[in-house]
A.B. asks: 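Okay, handing you the structure first.
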Amino acid sequence: PARILVSGGVSRCDNFCRKLANLTGLPVIRYAESEATARGLAWRVADCETAWPATAAPDSFEPIADRALGERYEAWYGLMERFAGSIPV
């Protein structure tokens, strides 16, 4: 992927968007509409044929190096792999 598009309530958190960009190394694009699912469903149910109207320019979070975040992710991922390996199938 070239970028990540976010919407919904959690996307309103700048810190989440910033860390997502830093961890993935991809730009995160956040549109002003935080209730995209509900409004998109209403748009479809109403059978609107035009494109969804733009409300505002999106915010963009460009990735920056965050070594501490990467190290925390690697530690967490290692624990999850160990834990998953201990579950009997």
Side-chain angles (χ1 to χ4, degrees):
R3 64 182 184 242
I4 298 172
L5 304 176
V6 296
S7 66
V10 74
S11 73
R12 300 305 335 151
C13 179
D14 289 351
N15 195 38
F16 171 78
C17 293
R18 163 66 39 227
K19 290 191 180 303
L20 183 60
N22 294 352
L23 189 59
T24 63
L26 298 171
V28 171
I29 309 301
R30 175 181 67 191
Y31 289 92
E33 180 53 60
S34 64
E35 294 300 331
T37 302
R39 293 196 65 178
L41 177 60
W43 191 259
R44 288 293 186 191
V45 168
D47 202 22
C48 296
E49 294 184 14
T50 59
W52 183 270
T55 55
D59 294 327
S60 180
F61 297 83
E62 295 298 322
I64 56 175
D66 188 338
R67 186 172 156 185
L69 178 63
E71 289 172 356
R72 284 195 317 267
Y73 173 76
E74 291 297 327
W76 172 85
Y77 191 82
L79 288 171
M80 291 300 105
E81 282 188 317
R82 276 196 359 226
F83 177 73
S86 68
I87 299 173
V89 178

A.B. asks: With heavy-atom distances below 4.5 Å as the criterion, would you say the side chains of Arg3 and Leu5 are in contact?
C.D. replies: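 Of all side-chain heavy-atom pairs linking Leu5 with Arg3, at least one is under 4.5 Å.
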A.B. asks: Do the side chains of Tyr31 and Ser7 get nearer than 4.5 Å, heavy atoms only?
C.D. replies: no
A.B. asks: Which Ile, Leu, Val, Met, Phe, Trp or Tyr residues join Leu41 in one cluster when any pair of side-chain heavy atoms under 4.5 Å counts as a link?
C.D. replies: Val45
A.B. asks: Name every donor-acceptor pair, under 3.5 Å, that has one atom in a side chain of residues 14-26 and the other anywhere in the protein, sequence neighbours excluded.
C.D. replies:
| from | atom 1 | to | atom 2 | distance (Å) |
| --- | --- | --- | --- | --- |
| Asp14 | OD1 | Arg30 | NH1 | 2.8 |
| Asp14 | OD1 | Arg30 | NH2 | 2.8 |
| Arg18 | NH1 | Asn22 | OD1 | 3.4 |
| Arg18 | NH1 | Glu62 | O | 2.5 |
| Asn22 | OD1 | Ile64 | N | 2.9 |
| Thr24 | OG1 | Leu20 | O | 2.8 |
| Thr24 | OG1 | Leu26 | N | 3.2 |

A.B. asks: Partners of Glu71 by salt bridge (Lys or Arg N to Asp or Glu O under 4.0 Å), sequence neighbours excluded?
C.D. replies: Arg67
A.B. asks: Partners of Tyr77 by ring-ring contact (aromatic ring centres under 6.0 Å, His included), sequence neighbours excluded?
C.D. replies: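 ring-ring contact (aromatic ring centres under 6.0 Å, His included) list for Tyr77, sorted by chain: Tyr73.
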A.B. asks: Where do Ala2 and Pro27 come nearest, in terms of heavy atoms and distance?
C.D. replies: O-CD, 3.4 Å
A.B. asks: Under the side chain to side chain contact (heavy atoms under 4.5 Å, CB included) test, which residues partner Ala84, sequence neighbours left out?
C.D. replies: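 Testing Ala84 for side chain to side chain contact (heavy atoms under 4.5 Å, CB included), a comparison that skips the adjacent residues, returns none.
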